[in-house]
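Proteins get letters first, then strands, A, B, ... in listed order; numbering begins at 1 in each. Given the structure is predicted, the values throughout are model-derived calculations rather than measurements.
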Protein chains: 2
Amino acid sequence: MTIYDIAKQLNVSPATVSKVINNYPDVSVKTREKVQNFLKEINFHPNAQAQSLSTKKSWMIGVVYYEETGVGLSHPYFSAIIDSFKKSVEAEGYSIHFGSKNSRLMNDNYLDYFRYRNVDGIVVFCTDQNDKQTWQMIESDIPVVVIDMKIDGATTITSDNELGCRMAIDYLVGLGHRKIAHIAGCRGNNWASQVRERGFIEAMTQNQLPILPGFIQYGQDFTFESGYQAMKLLLANSERPTAVFSASDLMAAAAIEAINDAGLRVPEDISVIGFDDIELAKFLKPKLTTIRQNTAELGKNAAKLLVKHIDKIQTEVDFVVPVEFIERQSCKKI
Amino acid sequence: MTIYDIAKQLNVSPATVSKVINNYPDVSVKTREKVQNFLKEINFHPNAQAQSLSTKKSWMIGVVYYEETGVGLSHPYFSAIIDSFKKSVEAEGYSIHFGSKNSRLMNDNYLDYFRYRNVDGIVVFCTDQNDKQTWQMIESDIPVVVIDMKIDGATTITSDNELGCRMAIDYLVGLGHRKIAHIAGCRGNNWASQVRERGFIEAMTQNQLPILPGFIQYGQDFTFESGYQAMKLLLANSERPTAVFSASDLMAAAAIEAINDAGLRVPEDISVIGFDDIELAKFLKPKLTTIRQNTAELGKNAAKLLVKHIDKIQTEVDFVVPVEFIERQSCKKI
DNA sequence: TTTTTTCTTGAAACCGATTTCGAAAACTGA
DNA sequence: TCAGTTTTCGAAATCGGTTTCAAGAAAAAA
């Protein structure tokens, strides 16, 4: 059933039907009601493709994330943000569509894909600063919002990582710790990882504490396994830390495991603090003290900013979402 | 840049350009190469909407899941399946598009939405058997695959829940347990919950063990909180179980917590076994023995079946994916 | 009542592809 | 060389909407 069929049935023109659907003012009340009733009756929904073709608006938001870094759909941090993002854009009339490198299209980058689909905007997740594809998208004419990374010239949303680091270190210092080590997310271009490492260093400096040699160890893409290795290195260090600040909860979990495996206990021997507050955190033994990223707000604001960007109301903002300190049981007074 | 522009540039007709793009045979080698080279040069991608409009094929797969039951995007079981599903359909040329009840469209059901978008197929997740919307979709002309539930007249994919239950109970029985209780997913129409409860009962019967009064307790949508309450009830029972088979890992985690809070220990006092093998399972103390659902296979086969369905190669299958027994440390010989 | 203004309406062009079908061009073979 | 085939090509219709604009109808002003 098309607007042509409807037009014929009602003895009006397709143009009129279209106008009713789109709430144009130049339709008389009588005609409008006649058409509206009929539309309701047959539960008419226009064809999205035809609509997009002529309006050049698809009401789709493209979503990309980078599987390579292991931060895929199944990472709880990511999926929580997407969940919230989805709800918010839907409230604005958009739907989300996942980017793909498609065998059929033989496209080797996401921008081409999104161009092909004519998405109205793109949200990019968790990537490194040198990623070519991310830059391609940012520099394109399609509105883009980047989550979890600041980039000049792009609209970005991030958690207040500096604050989070300060909270963590101040807390540990408050408990009397002075020998505090850091497990960084990775060595390389991951933005969050770099920022948290810098945040750690700054917070230590502000507390006039030295960072002992070997007290920063690097994970690999925030994974459990790499966190475990990093913690082992910290334990093998000549000086042993009394507290460890991990750049992610997953690595914190790994650290706890490594500490236990070394015959030591958390928090009695070593305090551990994480970052993220994924669901896992409260199931660890001991329950993990951590810095919570507000995934709901991140997703919601990403959506808001993107929609504004699409509507040309504003461009290029760095939006920072507050973090929250979550005290549980993995840290102890020294 | 459209095929018309290209046609003009190359002094051919739009029809010819289209034919080259779609590998029609009736184009001479010379012309074909001329066009192909140019397409490459300008990195041309046709307009998806225009294509869909004329071919009536959108190369999009609709995905629905039910937030109400808490089995949203952020549930690790769900997102792992989607992840695998996504990869498989992309290999076949499709992309995934999330269903939405959209403020703009004012649609109050997913079928209308998917009709509007002209998706080529739909995958439905985790619902109860009486869900009207699921039925609407199944009975529609759009190919549908349902994950995690069997329904007559629909193509479905499920884990081998019966086998999983048998494995769990046989294992516990092998360890000498006779007083085994079950925490069910929920009281109501959830398919997985019902099947596992039945599976529990059958496995107990096969082992000629009685199910003591009050030894089946119900959670609410598999949540932690409800699992905790259920376990508390089991502990308050006049006879105390020596082992608990939980219908999900999350509820098993809750059970462990409840047992500990009651001053008892797992597995020394009570053995606990879960279902799913989500990431969490290996982080619990003790590490959770559980039945692993093969999310990768579930997603992959859902994709395969759906594509076959779309291509009209086959319809209506109940595909069952094997489960795997994962022994960790939450169960002990009695 | 006539003129002017404001409301309604629909014909037609357009969005960017696909596909049919007839005709022209290029080959056959005699 | 010419009739008969086979290739190659493109005009035009189609998919299902939107939007402009001219014109007719109705209402308001004179």
Below 3.5 Å is the cut-off: list the nitrogen or oxygen pairs between protein and nucleotides 22-24 of chain D, distance only.
none

Using the 3.5 Å cut-off, write out each protein N or O paired with an N or O of nucleotides 21-24 of chain C and the distance between them.
none

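In this structure, Y4(A) places its OH atom 10 Å from P of dC15(D), rounding to the nearest Å. One interatomic measurement links the two molecules: CG of N47(B) to C1' of dG16(D), which rounds to 14 Å at whole-angstrom precision. For M1(A) and dC15(D), the CE to C1' distance is 17 Å, given to the nearest whole Å. One interatomic measurement links the two molecules: NZ of K30(A) to P of dA25(D), which rounds to 14 Å at whole-angstrom precision. Whole-Å rounding puts the K8(A) NZ to dA11(C) P distance at 12 Å. Note: CZ (R117(A)) to C1' (dA17(C)) measures 14 Å, nearest angstrom. A straight line from CD1 of I6(A) to P of dT9(C) spans 16 Å, rounded to a whole angstrom. We find that CG of N118(B) is positioned 12 Å from C1' of dG17(D), with the value rounded to whole Å.
By the ring-ring contact (aromatic ring centres under 6.0 Å, His included) test, F319(A) pairs with no residue at all, sequence neighbours left out. In this structure T16(B) satisfies the side chain to side chain donor-acceptor pair (under 3.5 Å) test together with S13(B), sequence neighbours excluded. Taking the salt bridge (charged side-chain N to carboxylate O under 4.0 Å, His left out) definition, one finds that D152(B) meets it with nothing, sequence neighbours left out. Among residues two or more places apart in sequence or in another chain, the ring-ring contact (aromatic ring centres under 6.0 Å, His included) test is passed with F114(B) by none. Checked against salt bridge (charged side-chain N to carboxylate O under 4.0 Å, His left out), K300(B) has the following partners two or more places apart in sequence or in another chain: E297(B).
Across every non-hydrogen atom of Y116(B) and P46(A), the tightest pair is CD1-O, 3.0 Å. The minimum heavy-atom distance linking Q36(A) with V20(A) is given by the pair CG-CG1, 3.6 Å. For the residue pair H97(A) and H97(B), the shortest heavy atom distance occurs at ND1-ND1, 2.9 Å. Contact detail for T156(B) and I151(B): the closest heavy-atom pair is CG2-N, 3.6 Å.
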- Query: Under the side chain to side chain contact (heavy atoms under 4.5 Å, CB included) criterion, do N47(B) and Q49(A) qualify, and how do the steps go?
  - Reply: CA-CA 10 Å; N47(B) 178 299; Q49(A) 275 86 24; over 6 Å; no
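Between the side chains of S193(B) and N190(B), no donor-acceptor pair is found at a separation under 3.5 Å.
Where A15(A) and Y24(B) meet DNA chain C, the nucleotide closest to each residue was compared, and A15(A) sits on the side nearer the 5' end.
Side-chain proximity of I3(A) to dT19(C), dT9(C), dG17(D): nearest is dG17(D).
Using a 4.0 Å heavy-atom cutoff across all strands shown, S28(B) reaches sugar-phosphate atoms only and no base atom. As judged by a 4.0 angstrom heavy-atom cut-off over every strand, V17(B) is placed among residues making no nucleic acid contact. The residue T2(A) sits close only to the backbone: its heavy atoms come under 4.0 Å of sugar-phosphate atoms, none of a base.
Contact check, T31(A) against dT9(C): a side-chain N or O comes under 4.0 Å of OP1 or OP2. Under 4.0 angstrom from either OP1 or OP2 of dT18(D) there lies at least one side-chain N or O belonging to N22(A).
Between Y65(A) and F78(A), the two ring planes are tilted [angle within 30° to 60°].
For residues 9-47 of chain B, the set of pairs meeting the ring pair (Phe, Tyr, Trp, His ring centres under 6.0 Å) definition, not counting sequence neighbours, is empty. Screening residues 51-66 of chain B for salt bridge (charged side-chain N to carboxylate O under 4.0 Å, His left out), with sequence neighbours left out, gives no hits.
Across residues 50-57 of chain A, L53(A), S54(A), K56(A) each have a non-hydrogen atom less than 4.0 Å from an atom of DNA chain C (numbered order). Taken residue by residue, residues 32-45 of chain A places no heavy atom nearer than 4.0 Å to DNA chain C.
Heavy-atom neighbours of K34(A) NZ from other residues, nucleotides or ligands within 6.0 Å: above the threshold of 12.
Salt bridge D141(B)/R115(B): present, at least one basic N to carboxylate O contact under 4.0 Å.
One axis for each end of the helix from dT1(C)-dA30(D) to dA30(C)-dT1(D), each built from five base pairs, and the angle between them comes to 40° at 10° resolution.
Once rounded to the nearest 0.5 Å, the distance linking CG of L111(B) with CD1 of I138(B) reads 11.0 Å.
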